[in-house]
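None of the values given here were measured: they were computed from a predicted structure. All values below come from the heavy atoms of this structure, side chains included, with hydrogens, waters and symmetry mates left out. The first residue of the sequence shown is numbered 1, and numbering continues consecutively from there.
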Amino acid sequence: MRRAGITLAALTTLATLAVPAASSALASSQPASAQPASAKPAKSTAAKKPAAPEIRLNQVGYQPNAPKSAYVMLSARVASVPFTVIDATGTVFYRGVSRDDVGAWSSGYQAVYLLSFSGLRRCGSYRVRAAGATSPAFTIANGTALYGQLVDNAVRYFTSERDGGDVEHDVLSREPANLTDAKAYVYATPSFDDNDNLLGTLKKVGGPVNVSGGWFDAGGGYEKFGYTASYADALMLIAARDNQGAYPTLKPEAEYGLQWITKLWNPAQKVLYMQVGIGNGNASNTIQGDYNFWFLPQQEDLLDVAKGGNPGPTAYYVKYRPVFEAAAPGQKVSPDLAGQYAADFALGAQLTRGAAANHDLQLARSVYADAKTTDVGQIVTAYPNDYYPGTEWKSDMLWGATEIALADERLGVPRAQLRSDLATAAQWARAYIAQGHPAGSDTLNLYDNGAIAESELLRAMRESRMAPAIAPRLLVNDLAAQLQVGEEWAKGDPFALGTDLGPADAAPHAFGLYVTNELYREAGGSDRYQAFAQQQLNFALGANAWGSSFVVGAGTTYPHCMQSEIANLAGSLTGHGDIQLGATTDGPSSPANFVGLGTVTGMRACSAGSFSAFNNSSAAYEDNVLSWPSVEPADDYTAISLFAFSMGASSGRD
């Protein structure tokens, strides 16, 4: 579902190795049974000691009226599990008994029991005790107290990932970077082999163009992609629109992202730029890419790429980054990009006034009209396509049309125009719904944003005060259908994750399902999926087999050693102090993804301990700078967690 952080193209600069020794992890922030990554089991003829019980829960906490549950992992089944919920003094505030064995997790943990304590509604700080184990502390409080700071943290992550001259030095000591992007050249569509190695040479076809600014796509490289940036920025713009004044840094950061996306669409020439930089060079390293290097972003401007320099001409495209088009000027562009860019511009129009708003709406209309919606074939996401192998695009066209209609309403365009735009959105809603949501299909994330688009269309129809362009019940039912897909996935997982654990992006899918349920309820849906949706949030924040939150700074155990050049080189490696707050990572991944990982010159070794005792045959997790499958942060991951936290903060205030 995602790109590899360090790929085969960089193997000549990699030294494959075992997980390095921990650099400075704090043992108190890891599960009690976690062992150092380098530890080897002692040889013994004695019987293997049973795995110690472990309690897993949402380490951030729960709202007073929300469903509340935890899990206790045991080495064997038992008749029942008595448990208590206590405060810091040891006073018991809740007693319960669980006989709800939700299934075996692994050979070491043959039983997982669900501990429900929804009856506890008193605000405060608590722990759960069961089977001789004690959980991390968690809080019961209203949404703002639980999640408000996490929204601010997520915004800070994007600030830490800024490119160009307008950076915040106080955030991880950032310095201006990639100033050469202000006069960058455009190159023909590149080709790659099956291992994502660049084939042939790059051919210059235009420029210079100003593509400076924006956000780096993810932790392990400094490329910038319109596909992920437009998705992330749209979520941030909606959150800013719907929470005006609540988060002072949110709207400015979202507008920073929009400024870059505006540079990627030239309506006069009808050309859409969709990528700056290359991650992978060629197999011989005569052309190097971002993944050949590990340094702070400002170093790219300082590279000596002259003949005889260090590193020399092979790094030319790292210093002078290529720009790629989604299609040749004047040709129709991939509908996923056209739809998402249109949504961004139209959201910009909703958040500003006057001439600027009208200009943004015109940009939205022009790029939307340029979408190729027949004989689409392989949609364009990134080069190489393996980085983001998207297939679905009808939700993008729905999203773009819907945000244009909402901008119409804000700007008071003629009613006939609004009616036409709503009809276009309804057309794409029907097309999206017609695709269906069979068991095993996808749910809200970067590759399918139908839930957001449908919710926005419901809003646009309510605000229009016109006859609905599509029956609202169809949209509400389709939101429910997406939650049902998640429920089906959850049936096979003791921790009730609503996606395929291992190959899928676990954390962003979990946040996406939580968001989908909130949208469903806002649209008039029932509370049927409330417990399921709450567990998706719980999973991402610690209620999983590994007992780790996958959001930096959220909870007590979270990634310390991300595969992030900025975090690794400019931040603390202890999980405390100057860290990349708010970064959201993937979480567990298929064990096969951890084979053959390697280091890059300049990388600071960092391992916060091994979670291997909690792995099973389907999924593994490592908090190690080498481990891109688990701990590489990304814009799309962090944007959906930001959106989820903003919804959690604004709901259920008691």
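Partner of Tyr529 under the side chain to side chain donor-acceptor pair (under 3.5 Å) criterion, out of Gln534, Arg521, Gln484, Glu487: Gln484 alone. When each of Phe643, Tyr147, Phe645 is checked for a ring-ring contact (aromatic ring centres under 6.0 Å, His included) with Phe511, only Phe645 meets the rule.
Ring pair Tyr388/Phe225 is perpendicular by interplanar angle, where above 60° counts as perpendicular and below 30° as parallel. Using the six-membered ring where Trp is involved, Trp215 and Tyr256 have ring planes that are tilted, between 30° and 60° apart. Note: Tyr109 and Phe614 have tilted aromatic rings, judged against thresholds of 30 and 60 degrees for the angle between ring planes. Using the six-membered ring where Trp is involved, Trp105 and Phe495 have ring planes that are perpendicular, over 60° apart on the 30 and 60° scheme.
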Check the pair Asp636 / Leu235 against side-chain contact (heavy atoms from CB on, under 4.5 Å), numbers first and verdict last.
CA-CA 9 Å; Asp636 56 303; Leu235 292 178; over 6 Å; no

Can you list the steps and then say if Leu347 with Asp233 is a side-chain contact (heavy atoms from CB on, under 4.5 Å)?
CA-CA 10 Å; Leu347 281 160; Asp233 201 45; over 6 Å; no

Pair Ser230-Gln340, side chain to side chain donor-acceptor pair (under 3.5 Å): steps then yes or no:
CA-CA 6 Å; Ser230 59; Gln340 287 188 177; 2.7 Å; yes

Let's go through Trp393 and Ser334 carefully: what are the C-alpha distance in whole Å and the side-chain angles of both, what is the deciding distance for side-chain contact (heavy atoms from CB on, under 4.5 Å) to 0.1 Å, and is it a yes or a no?
CA-CA 9 Å; Trp393 53 268; Ser334 193; over 6 Å; no

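Tyr621 and Phe550 have their aromatic ring centers within a separation under 6.0 angstrom. Between Tyr432 and His437, the gap from one ring centroid to the other is short of 6.0 Å. Separation of the Tyr514 and Tyr520 ring centroids does not fall under the 6.0 Å cut-off.
Under the 3.5 Å distance criterion, the side-chain polar atoms of Asp505 are left unmatched by any main-chain donor or acceptor of Asp586. Ser118 contributes a side-chain N or O that, together with a main-chain N or O of Lys68, makes up a donor-acceptor pair within less than 3.5 Å. Judged purely by atom type and a 3.5 angstrom limit, Ser650 uses its side chain to pair as donor or acceptor with the backbone of Ser646. A distance-only check finds no donor-acceptor pair linking the side chain of Ser420 to the backbone of Gln417 [under 3.5 Å]. Under the 3.5 Å distance criterion, the side-chain polar atoms of Asp408 are left unmatched by any main-chain donor or acceptor of Val413. Distance alone, capped at 3.5 Å, places no donor-acceptor pair between the Ser455 side chain and the Ile452 backbone.
Here the OH atom belonging to Tyr368 is positioned 8.5 Å from the OG1 atom belonging to Thr373, to the nearest 0.5 angstrom.
Under the side-chain hydrogen bond (donor to acceptor under 3.5 Å, both in side chains) criterion, Ser641 pairs with Thr584, not counting sequence neighbours.
With a 4.5 Å cut-off on side-chain heavy atoms, Phe93 and Arg122 count as touching. Counting heavy atoms from C-beta outward, Asn58 and Phe539 have side chains that stay 4.5 Å or more apart.
Of the charged side-chain nitrogens involved, at least one lies within less than 4.0 Å of a carboxylate oxygen, so that Glu463 and Arg459 count as a salt-bridged pair. The existence of a salt bridge linking Arg241 and Glu456 is confirmed by a sub-4.0 Å separation between a basic side-chain nitrogen and an acidic carboxylate oxygen. At a threshold of 4.0 Å, the pair Glu392-Lys394 does not count as salt-bridged, since none of the basic side-chain nitrogens sits closer than that to a carboxylate oxygen. The pair Glu409-Arg415 fails the salt-bridge criterion, with no side-chain N (NZ, NE, NH1 or NH2) lying under 4.0 Å from an Asp/Glu carboxylate O. The pair Arg365-Asp421 meets the salt-bridge criterion, since a charged nitrogen lies less than 4.0 angstrom from a carboxylate oxygen.
Inspection of the Thr228 and Asp635 side chains reveals no N or O donor paired with an N or O acceptor under 3.5 Å. A donor and an acceptor atom, one from each side chain of Gln482 and Asp478, are located under 3.5 Å apart.
Counting heavy atoms of neighbouring residues, nucleotides and ligands inside a 6.0 Å radius, atom CZ of Arg129 does not exceed 12 of them.
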